[in-house]
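All remarks here apply to the structure that follows.
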Amino acid sequence: MDPVTTLTALFTLAIYSFLYRDNPVYRFAEHVFAGLSAGYYSGLIFQSVLVQQLWQPLIGGKLWLIVPGILGVLTFARLSTKWSWLSRVALAFVIGANAGILLMQQLHGLVLPQVAETMINMGTIKGLLVVVGVISTLMYFYFSKPHKGALGVIANVGMWFIMISFGAHFGYTVMARVSLLIGRVQFLVIDWLHLVD
Amino acid sequence: MCGDTTRYAVTAAVIVALLACPAAAQETESPGSLFNTDRVNALLLMLAFCGAVLYFIRSSQRGKEMYIRPLPGLEAVEDGVGRATEMGRTVLFIPGTGDIDQAETFAGLAVLGKIAKITARYDTPLMVPCLYPMPLAAASEVVREAYTDAGKPDAFKPDMVRYMAGESFGFSAAVNGWMMREKPATNIFLGQFHAESLLMAETGNAAGAIQIAGTAQPEQLPFFIAACDYTLIGEELYAASAYLSKEPKYLGAVKAQDIFKITLTVLILAGALFTTFDAGWAETFRSWFEVH
């Protein structure tokens with residue numbers, strides 16, 4: 001048996017042992033898994049961000065990259081009690097910039113296309129369902145008034161649409177999870193134990 | 001200086017002209033132009049939205065009453081913290097497994113501030129594991145500030161907010177192990193969650209914790225509904241901080257969002273009716289909302 005495959009299979013079984021209860025074998029696998037992923041991503045970010053996106057362009061002449069570099073260094077200021085306030089500068093920049101980008105992304109990528117795509121012919125059952133579903137769901141998320149009277153009725157219809165959508169998502173996602181499980185079982189039975197050709 | 005002023009004035013004039021006549025501008029647009037006329041509709045919508053947010057925040061600050069309907073999941077938060085206090089156990093808060101560039105992470109962190117104030121008030125242990133470094137730094141600042149605002153800066157311990165792994169399944173393995181060993185009384189999952197949502201929520205359920213969850217990921221919400229006691233669905237997560245704090249800035253923003261929703265509803269309904277009854281301007285009306 002290939003030792004790497006055996007090791008992978010043993011770790012798979014160690015993680016599955018949690019289904020019975022928390023135990024030392026699971027705890028060992030958990031610590032290895034968490035530690036490995038932390039180490040792997042640290043190395044990945046060091047290479048793909050610090051080296052490829054900061055250091056190499058910087059020595060290539062893109063001096064303006066000093067600014068994000070300094071902001072990055074400032075995040076480490078939180079390690080010092082005296083200078084920890086400096087880390088908020090970098091944090092404020094990242095959160096502010098992301099909020100601005102997100103607003104336009106959502107408007108341009110989601111809100112406008114969905115509004116345009118909902119302006120459809122209500123003369124068909126599909127069209128009527130789409131328009132009624134979108135509007136009643138929007139009304140369910142109306143927070144400034146109690147859901148009573150006409151608003152309550154519309155919000156209730158919206159709730160039905162939301163629940164039907166959740167049911168569909170649930171079924172779809174469970175299928176995806178089952179296919180992940182099948183993948184693991186195939187690995188154990190075929191690749192590791194060679195019980196099936 | 002004078003040159004700069006002239007340049008800004010010319011740029012402003014060009015922008016105004018482009019806004020006034022987008023069709024003409026499209027004909028003369030070069031690939032490197034400063035102003036993307038394809039996105040004028042998004043710009044106008046953004047200006048209207050931001051204007052509404054500022055207006056309602058100002059109204060709320062001037063004392064105008066703003067109602068926000070009860071959200072059962074959030075009414076359970078204080079009870080959940082109280083339960084943890086009585087049992088002498090920890091409150092676990094996870095601000096999602098998304099990075100800082102996700103709106104749900106912002107929403108989760110905003111609620112974390114309110115919850116940290118309650119745990120500070122009751123001297124209840126709090127644990128905030130994070131998947132990525134930037135949410136870790138932000139969560140740390142949020143919790144520190146909450147403890148300072150509650151008048152207990154010394155009760156804040158840096159290890160309340162912890163980095164756990166850098167990959168979602170490694171993170172959920174670490175959190176699950178911690179939950180089974182420490183048996184937190186209350187688990188709060190608010191933010192962006194992915195495939196690990198059920199792994200953590202089901203383990204929390206097995207550990208006997210009261211669980212409150214909220215996300216805007218439609219694929220994960222059914223799992224939270226199945227495994228948690230209370231679930232905030234989609235946009236309820238964004239309204240959560242306003243509901244918990246009742247602060248004018250949050251209430252004003254929620255009110256503006258509601259007005260925005262009503263406006264969109266009216267526009268959608270008008271567009272759909274124009275299309276249904278084959279009004280001559282239906283396609284023109286619809287084209288205002290198309291993106292290129």
Side-chain angles (χ1 to χ4, degrees), chain A residues 15 18 21-22 26-27 29-31 33-38 40-42 45 75 78 87-88 90-91 94-95 98-99 101-104 106-109 111-113 115-116 118-123 127 131 134-135 138-139 141-147 162 165-167 169-170 172-173 177, chain B residues 39 41-42 45-46 49 66-69 100-103 106 133-134 137-138 140-141 163-167 169-171 173-174 176-177 180-181 195 218-223 225 233-236 239 254-255 258 261-262 264-265 267-269 271-276 282 285-286 289-291:
Chain A
I15 291 289
F18 188 71
R21 59 185 292 181
D22 186 33
Y26 171 78
R27 228 171 286 175
E30 169 208 322
H31 284 92
F33 194 11
L36 270 181
S37 57
Y40 174 76
Y41 278 88
S42 300
I45 288 168
T75 58
R78 55 195 292 271
S87 69
R88 292 185 174 195
L91 214 52
V94 171
I95 291 177
N98 276 321
I101 292 166
L102 272 172
L103 183 61
M104 278 311 279
Q106 298 292 317
L107 281 175
H108 197 255
V111 176
L112 281 168
V115 168
T118 313
M119 292 174 180
I120 54 176
N121 184 359
M122 291 193 291
V131 175
V134 169
I135 289 175
L138 267 175
M139 287 300 100
F141 291 109
Y142 190 82
F143 299 107
S144 303
K145 277 193 168 34
H147 283 180
I162 292 169
S165 139
F166 283 166
H169 277 299
F170 188 81
Y172 175 78
T173 314
R177 298 290 189 279
Chain B
R39 296 191 177 189
N41 49 7
L45 211 57
M46 187 198 68
F49 179 65
M66 291 200 180
Y67 172 85
I68 184 161
R69 75 172 161 85
I100 201 77
D101 57 352
Q102 301 298 323
F106 294 159
M134 285 311 284
S140 190
E141 287 301 320
Y163 178 70
M164 280 194 186
E167 191 268 339
F169 287 112
F171 176 79
N176 286 350
M180 291 313 285
R181 288 188 286 278
E219 296 84 5
Q220 307 309 328
L221 274 166
F223 295 110
I225 291 170
I233 298 169
E235 218 179 306
E236 289 176 353
V254 169
K255 181 76 181 172
D258 281 351
K261 279 172 226 159
I262 292 282
L264 289 181
T265 302
L267 291 171
I268 288 171
L269 201 56
L273 286 171
F274 291 157
T275 308
T276 306
F285 185 76
R286 191 173 176 276
F289 301 94
E290 282 176 347
V291 291

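Note on naming: letters A, B, ... go to the chains in the order of the sequence lines (proteins, then strands), and numbering restarts at 1 for each one.
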Has B/R69 got its NZ or CZ under 6.0 Å from the middle of the six-membered ring of A/Y142, at an angle within 45 degrees of the ring axis?
no
Using the ring centroid of each side chain, check whether B/F223 and A/F170 are separated by less than 6.0 Å.
yes
Given that the side chain runs from C-beta out, which part of A/T118 has a heavy atom under 4.5 Å from chain B: side chain, backbone, both or neither?
both
Interface moiety of A/A99 toward chain B, non-hydrogen atoms closer than 4.5 Å
both
Donor-acceptor pair, side chain of A/S144 and main chain of B/I68, under 3.5 angstrom:
no
Determine whether B/Y67 and A/P146 make a side-chain contact, defined as any pair of heavy atoms from C-beta on separated by less than 4.5 Å.
yes
Hey, does B/N176 have a side-chain heavy atom less than 4.5 Å from the side chain of A/Y26?
yes
Looking at every heavy atom in both B/D258 and A/F141, which two are closest together, and how far apart are they?
OD1-O, 3.7 Å
Measuring from atom CE of B/M134 to atom CD1 of A/I95, what distance do you get when rounded to the nearest 0.5 angstrom?
7.0 Å
Report the option among A/T75, A/V131, A/I120 that has the most heavy-atom pairs separated by less than 4.5 Å from atoms of chain B.
A/I120
Are B/L221 and A/H169 packed together at the side-chain level, in the sense that at least one heavy-atom pair is separated by less than 4.5 angstrom?
no
Please flag which part of B/A282 lies under 4.5 Å from any non-hydrogen atom of chain A: side chain, backbone, both or neither.
neither
